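Residue numbers start from 1 in every chain, and the chains themselves are labelled A, B, ... in the order their sequence lines are given, proteins ahead of strands. Here the structure is a predicted model, which means the values were calculated and not measured.
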Amino acid sequence: MRIKVIAFGISRDILGDFNNQIDLNEPATVADLKQLLLQRFPDFCKLTSLRFALNGEYADDADALAERDEIVLIPPVSGG
Amino acid sequence: MRIKVIAFGISRDILGDFNNQIDLNEPATVADLKQLLLQRFPDFCKLTSLRFALNGEYADDADALAERDEIVLIPPVSGG
Amino acid sequence: MIDVQLLATDLSSAACEAFVRSDAAGGVVVFVGNVRNQTQQKKVLRLHFEAYRPMAISEMQKIAYRAVADFGALKVAIHHREGTLQVGQTAVVIAVAAPHRKAAFDACAFAIDTLKETVPIWKKEYFEDGQVWVAAHP
Amino acid sequence: MIDVQLLATDLSSAACEAFVRSDAAGGVVVFVGNVRNQTQQKKVLRLHFEAYRPMAISEMQKIAYRAVADFGALKVAIHHREGTLQVGQTAVVIAVAAPHRKAAFDACAFAIDTLKETVPIWKKEYFEDGQVWVAAHP
């Protein structure tokens with residue numbers, strides 16, 4: 001399964017010129033995606049936190065991923 | 001000693017057409033004045049509180065009164 | 001550092017907020033107290049504030065200085081109305097600026113709480129069937 | 001009942017306060033967050049907000065509805081900036097109206113505290129010697 005992740009803030013900097021396409025074995029969860037990202041981009045480990053949004057809502061680690069989901073990396077937010 | 005008291009809010013209503021002049025034996029304190037007022041105007045006893053200001057500051061019961069002091073009756077305040 | 005006024009004309013929350021603004025202030029909290037259309041299920045027609053003016057102003061100044069000294073506020077504005085107010089009109093505005101928001105919230109809440117306890121201003125509420133000095137009786 | 005906006009233009013605290021006003025609201029609390037001229041003793045030149053727009057708006061709406069449901073607010077306005085801001089400019093305005101002041105204070109503090117935890121907006125601060133995504137690292 002090929003997943004496209006959207007990145008904001010520092011997570012976009014960490015991904016750099018990576019094309020944001022990630023291949024995962026099915027079935028895959030948010031936790032699987034997170035593990036893969038942390039392996040390939042160890043700078044994510046240095047962040048205070050890394051959450052994921054699935055179709056516009058915060059996702060849990062156990063949530064299943066599907067190819068057409070909108071998956072957004074949410075590094076520590078700092079609005080306000 | 002003749003004292004003039006200034007009254008606001010409900011304390012003015014309670015004093016009514018009283019001329020606000022009160023005679024006290026010297027030396028007199030805020031507590032003496034309060035006692036006299038409560039006797040002559042029992043409606044003061046029904047208030048939630050009755051404080052006194054002496055020359056623009058809250059007074060204590062033990063504060064001494066002098067003829068030229070500005071003495072103001074402070075019934076429960078309700079600003080804001 | 002402080003701007004305290006007792007006014008017979010319409011209050012401006014914008015003026016209070018503008019007074020407290022500064023480049024060092026990250027958080028501004030403004031409290032606006034308006035005349036409600038009812039109190040304890042009774043319809044309010046209007047109200048009237050009367051003040052012991054010099055002491056009302058000096059007590060509000062004390063509150064503003066305590067907001068600075070005790071809570072770390074940078075600037076404080078307190079404007080209070082006197083005279084007759086209709087429903088919806090503004091009775092009081094308190095604006096507090098501080099480097100961070102928690103100090104601004106705490107100082108502003110302190111200021112309005114203390115104002116209602118210590119500042120010699122009295123409110124008379126007018127209803128369809130009478131009038132009452134607020135808080136006078138238990 | 002709620003007015004949530006993510007704007008690329010100057011925010012107006014007056015507009016937020018006007019939205020929440022009503023004859024039933026005795027207390028209005030407005031929080032205004034401005035860009036400070038320094039952070040941890042370092043001079044800030046400007047900052048830039050970027051947002052995951054649809055989710056930022058939906059998370060701010062959730063906060064506004066919770067201020068109503070959990071805190072008894074009558075009306076809530078939350079306006080947040082995106083794009084580049086200079087020192088002194090306003091990053092966020094939250095206005096809350098409630099029948100009484102305590103609910104308005106509590107709901108407004110809840111709203112800004114929660115916004116800073118959950119709303120997907122990111123701030124980059126620009127200094128004379130570099131730039132940093134705020135809060136990214138411990």
Legend entry - D/K42 atom NZ: more than 12 heavy-atom contacts under 6.0 Å: yes

Inset, instruction - Mind ranking D/P54, D/A51, D/S58 by heavy-atom pairs under 4.5 Å with chain A and telling me who comes out on top? - result: D/A51

Legend entry - Contact check, side chains of D/H137 and A/I10, non-hydrogen atoms, under 4.5 Å: yes

Legend entry - Contact origin within D/E59 toward chain A - heavy atom pairs under 4.5 Å: side chain

Legend entry - D/W122 side-chain N/O to A/P75 backbone N/O, donor-acceptor pair under 3.5 Å: yes

Inset, instruction - Decide if atom CG of A/N19 counts as having more than 12 heavy atoms of other residues, nucleotides or ligands within a radius under 6.0 Å. - result: yes

Inset, instruction - Among the options D/I121, D/L115, D/V92, D/V134, pick out the one with the most heavy-atom pairs lying under 4.5 Å from chain A. - result: D/I121

Legend entry - D/A91, part contacting chain A, at a heavy-atom distance under 4.5 Å: side chain

Inset, instruction - For D/K123 and A/G80, indicate whether the former's side chain and the latter's backbone hold a donor-acceptor pair under 3.5 Å. - result: yes

Inset, instruction - Sort D/A56 into side chain, backbone, both or neither according to what part of it lies under 4.5 angstrom from a heavy atom of chain A. - result: neither

Inset, instruction - State whether the side chain of D/Y52 and the backbone N or O of A/A7 hold a donor-acceptor pair below 3.5 Å, judged by distance alone. - result: no

Inset, instruction - Might you confirm whether atom OH of D/Y65 has over 12 heavy atoms from other residues, nucleotides or ligands at distances under 6.0 Å? - result: no

Legend entry - Heavy-atom pair with the smallest gap, counting every atom of A/P76 and D/A135: CB-O, 3.3 Å

Legend entry - Heavy-atom proximity to chain A below 4.5 Å, by part of D/V119: backbone

Inset, instruction - Using a 4.5 Å cut-off on heavy atoms from C-beta on, say whether the side chain of A/V72 contacts that of D/M55. - result: no

Inset, instruction - Evaluate whether atom NZ of D/K116 has more than 12 neighbouring non-hydrogen atoms of other residues, nucleotides or ligands under 6.0 angstrom away. - result: yes

Inset, instruction - Taking A/S78 for its side chain and D/W133 for its backbone only, find out whether a donor-acceptor pair lies under 3.5 Å. - result: no

Inset, instruction - Heavy atoms only: give me the nearest D/E117-A/V77 pair and the separation to one decimal. - result: O-CG2, 3.5 Å

